[in-house]
Amino acid sequence: MFGDALANLLAFSGRNVTREYYINDAGAQVDVLARSAFLRYREALGESIGEIPEGLYPGDYLKPAGAALAKAHGASLRDKPEAEWLPLVRAFAIEAMMEMIRGDLAAMNIRHEVFFSERSLTQGAAGEDHVRAVIEDLRARGIVYVGHLAPPKGQLPDDWEDREQTLFRSTDFGDDVDRPLIKSDGGYTYFASDIAYHKSKVDRGFDDMIDVWGADHGGYVKRMQAAVKAVSNGRASLDVKLCQLVKLMRNGEPVTMSKRAGTFVTLRDVVEEVGVDAVRFMMLFRKNDATLEFDLAKVIEQSRENPVFYVQYAHARCKSVIRQAKAAFPDLDVSAAALSGADLALLTDEGEAGLAKLIAQFPRQIDAAAAAHEPHRVAFYLHDLASALHSHWNRGKDQPHLRFVNEERRDLTTARVAMVASLTRVFASGLGVLGVSAPDEMR
RNA sequence: GAUCCCAUAGCUCAGCUGGAUAGAGCAACUGCCUUCUAAGCAGUAGGUCACAGGUUCGAAUCCUGUUGGGAUCGCCA
């Protein structure tokens, strides 16, 4: 959600943005996934599989994939050796997972232009190995070498053994130690693939890259930035936005996520409970690097108090004013072109001046938020703007001459409607950046 | 042992890249619906900006150190 809003923000401020989703479909984890799916496949064929063995994924989410496999292949895979079914089941399981992920993303209003497969780096259409190519390129430039790594200070891992390995000279680019590229089993490290992936981005012409990671990967930032420098000869930049892990609470108690115990809660569950607008606004109404405490009970019970409604209500009020103005002056032209001729000098009240000032800040707020890569600023700006509008609106209760629609004064109403039309656009645009809907009315 | 992030009101968080009496929401208390939507407004109360130094005309903001919390630390993903 953070990345989606940031991309919206950058696009809205005039930058050329491409949103990519990096699919981790390589490495040992997908083989585990495939074996787990194969187990569900046997289950779907009627076998009793008992407890899911240690080392495989126990989640129920693979059951549909297993059933689909059974439907597509019958019992034909069951007795074959693993080497034969693994590639097939793996591809099938990856597709099933991606289907699920796409569904989750859609439910949260998150869109991507590109889904980039990690597997394609080593197994491209023409069979080329981009990871190998990058390593060789860097080796030729002396940035990759074979050497030894000192063990970490403090606690020594019990299985530590000194060995010679292929290393990336990330210390030349600001990292603390050099980083290995090839595992002891000869496979590439995750980092090696990541270098190739970012190289691919650079080659495709992306000079300003932004990665969005979970905070548990914080130790990874320096080496990735080092790699981007190396791979682009310092031309490209990489900003890594770390989103803190959500600490899920229920009635003040931390919720332990256990799939077996049925206490596993996904963001999608929350979205389905309280609505995508409320969740998105809540997630974006804070800095990305601050830990988010997410009390499930409170979120659901107090969803009425979510600040998103405050802002959406402000937008709805603006729409209401325009409807009322049309009712009072049926022939009033509320198009942007017509309203641009309104006499804004008639807006002399301090509340109106305050609103006008805030409206005028919108472009600068957008620019500042975009430059800092901080979409939450937009959310806070909108909240301030909504506050100013609600406040001014209520002054019309005691002072009827301040109401937006004045049936005696067509010129004044026109000027006020012009301002409200701008407000409407700002609310709609700002909420659009956050990926939150801007309803015409709330009842 | 090392690196990264965080510490602001009882709670959840802002603080526009160094400016004047540090702000909002929730919780508490007091008012406002025959009038454009009360999902709203006005007000009261609540803070030694973790602590100690430093830079500066000026620091919640920048630097150093300390404490407390979180994350990470060859080949995991």
Side-chain angles (χ1 to χ4, degrees), chain A residues 24 26-30 32 118 148-157 159-163 165-167 175-193 214-222 240 242 244-245 247 249 252 282 285-295 298 302-314 316-325 327-328 361 364-365 367-369 371-372 374 376-377 379-381 383-384 386-387 389-398 400 402-407 413 416 420 441-443:
Chain A
N24 294 130
Q29 55 163 352
V30 279
V32 172
E118 178 185 358
H148 290 260
L149 213 51
K153 302 229 165 62
Q155 264 205 330
L156 190 68
D159 60 342
W160 175 272
E161 55 177 295
D162 189 35
R163 50 177 284 263
Q165 45 191 351
T166 303
L167 296 167
D175 198 3
D176 306 313
V177 291
D178 293 341
R179 307 291 179 175
L181 297 173
I182 297 183
K183 297 191 283 188
S184 53
D185 67 1
Y188 300 123
T189 62
Y190 209 75
F191 181 50
S193 301
D216 51 341
H217 293 75
Y220 217 76
V221 175
K222 280 187 185 175
V240 179
L242 296 176
Q244 287 293 335
L245 305 176
K247 206 187 289 177
M249 314 285 278
M282 183 163 29
F285 199 55
R286 62 203 343 100
K287 283 181 298 196
N288 62 288
D289 51 4
T291 27
L292 169 57
E293 277 194 17
F294 207 92
D295 193 313
K298 277 188 186 160
Q302 304 181 355
S303 62
R304 269 177 63 91
E305 286 156 12
N306 191 300
V308 72
F309 301 118
Y310 188 81
V311 177
Q312 287 181 320
Y313 185 38
R317 271 193 160 158
C318 289
K319 287 288 192 178
S320 170
V321 165
I322 292 171
R323 282 195 299 271
Q324 295 293 333
Q361 280 179 15
R364 267 172 291 165
Q365 293 284 347
D367 284 346
E374 290 181 348
H376 77 274
R377 292 194 195 187
F380 278 93
Y381 166 77
H383 194 266
D384 286 350
S387 173
L389 173 70
H390 290 314
S391 176
H392 184 64
W393 170 285
N394 276 274
R395 292 175 68 216
K397 287 187 183 301
D398 296 334
L402 289 179
R403 292 179 194 168
F404 292 104
V405 178
N406 185 331
E407 301 190 6
T413 300
R416 287 175 174 167
V420 171
E441 55 179 3
M442 301 184 70
R443 291 190 185 273

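In what follows, chains carry the letters A, B, and so on, assigned in the order in which the sequence lines appear, proteins first and then strands, with residues in each chain numbered from 1.
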Seminar exercise, completed: Encoded 5' to 3' (Watson-Crick or G-U under 3.5 Å; [ ] crossing; | other strand), RNA chain B becomes (((((((..((((.....[...)))).(((((.......))))).....(((((..]....))))))))))))....

Seminar exercise, completed: Quick note, A:Val405 side chain, CB onward, closest among B:A14, B:C36, B:A38 is B:C36

Problem set entry | Contacts of A:Asp176 that satisfy side chain to side chain donor-acceptor pair (under 3.5 Å) - sequence neighbours left out | A:Lys222

Problem set entry | B:A28 versus B:C11 - spacing of their C1' atoms, nearest Å | 13 Å

Problem set entry | Proximity to the side chain of A:Lys222 - top-ranked nucleotide from B:C4, B:G74, B:A71 | B:C4

Listing time: all N or O pairs from protein to nucleotides 15-19 of chain B that are below 3.5 Å?
unit_1 : atom_1 : unit_2   : atom_2 : d
B:G15  : OP1    : A:His376 : NE2    : 2.9

Exercise. Taking the side chain of A:Glu161 as its heavy atoms from C-beta onward, which of B:C36, B:U3, B:G74 lies nearest to it?
Worked result: B:G74

For this session: Sequence neighbours left out, what passes ring pair (Phe, Tyr, Trp, His ring centres under 6.0 Å) with A:His392? Give chain and number order.
Result: A:Phe404

Exercise. What closest approach, in Å, do A:Leu167 and A:Leu181 show between heavy atoms, and which atom pair accounts for it?
Worked result: C-CD1, 4.4 Å

Exercise. Which whole-number value in Å describes the distance from A:Leu181 CG to B:C76 P?
Worked result: 11 Å

Seminar exercise, completed: Which of B:A38, B:A24, B:A42 is nearest the side chain of A:Ser391? It is B:A42

Seminar exercise, completed: To the nearest angstrom, the CZ-C1' distance between A:Arg179 and B:C75 comes to 13 Å

For this session: Could you work out the separation of B:G23 and B:A45 based on their P atoms and round it to a whole Å?
Result: 14 Å

For this session: For A:Lys183, enumerate each residue passing the salt bridge (Lys or Arg N to Asp or Glu O under 4.0 Å) test, keeping only those at least two apart in sequence or located in another chain.
Result: none

For this session: Please name the pair of heavy atoms, one in A:Ala386 and one in A:Val311, separated by the smallest distance, quoted to 0.1 Å.
Result: CB-CA, 4.1 Å

Problem set entry | For A:Asp398, side chain to side chain donor-acceptor pair (under 3.5 Å) partners two or more places apart | none

Exercise. Which one, B:A24, B:A14, B:C75, comes nearest to the side chain of A:Lys183?
Worked result: B:C75

Exercise. How would you label the contact of A:Asp176 with the nucleic acid (heavy atoms, under 4.0 Å): base, sugar-phosphate, or nothing?
Worked result: sugar-phosphate

Problem set entry | Nearest-angstrom distance from the residue atom CD of A:Gln165 to P of B:G74 | 10 Å

For this session: Mind checking salt bridge (Lys or Arg N to Asp or Glu O under 4.0 Å) for A:Glu374 and listing every partner two or more places apart, or none if nothing turns up?
Result: A:Arg377

For this session: To the nearest Å, give me how far apart CG (A:Asp175) and C1' (B:U72) are.
Result: 13 Å

Exercise. Got a sec, which residues hit ring pair (Phe, Tyr, Trp, His ring centres under 6.0 Å) with A:His390, two or more places apart in sequence or on another chain?
Worked result: A:Tyr310, A:Tyr313

Exercise. Would one find a side-chain N or O of A:Tyr220 under 4.0 angstrom from OP1 or OP2 of B:C76?
Worked result: no

Problem set entry | Residue closer to the 5' end of RNA chain B, A:Gly396 versus A:Phe191 (nearest nucleotide) | A:Gly396

For this session: Using the test side chain to side chain donor-acceptor pair (under 3.5 Å), find all partners of A:Tyr190 that sit at least two apart in sequence or belong to another chain.
Result: A:Asn24

Exercise. Could you give the CG-to-C1' distance, from A:Asp216 to B:G69, as a whole number of Å?
Worked result: 17 Å

Exercise. Would you say a side-chain N or O of A:Arg443 is under 4.0 Å from OP1 or OP2 of B:A38?
Worked result: no

Exercise. Base, sugar-phosphate, or nothing: which does A:Tyr190 touch, judged by heavy atoms less than 4.0 Å apart?
Worked result: base

Exercise. Nearest-Å distance, NE2 (A:His217) to C1' (B:C73)?
Worked result: 13 Å

Seminar exercise, completed: Heavy-atom contacts, protein to nucleotides 28-33 of chain B, under 4.0 Å, summarised as B (base), S (sugar-phosphate only) or - (none) per nt, yield ------

Seminar exercise, completed: Atom CZ of A:Arg163 and atom P of B:G74 are separated, to the nearest Å, by 13 Å

Seminar exercise, completed: Residues at least two apart in sequence or cross-chain that pass salt bridge (Lys or Arg N to Asp or Glu O under 4.0 Å) with A:Arg163, listed by chain then number, are none

For this session: Sequence neighbours left out, what passes salt bridge (Lys or Arg N to Asp or Glu O under 4.0 Å) with A:Asp175? Give chain and number order.
Result: A:Arg179

For this session: Could you tell me the separation between the CZ atom of A:Arg286 and the C1' atom of B:U8, rounded to a whole number of Å?
Result: 15 Å

Exercise. Looking across every strand, which nucleic acid part, if any, lies under 4.0 Å from A:Ala314 by heavy atom: base, sugar-phosphate, or nothing?
Worked result: nothing

For this session: Using a cut-off of strictly less than 4.0 Å, decide whether A:Trp393 has a side-chain nitrogen or oxygen near OP1 or OP2 of B:A38.
Result: yes

Exercise. If the C1' atom of B:G47 is compared with that of B:G54, how far apart are they to the nearest Å?
Worked result: 25 Å

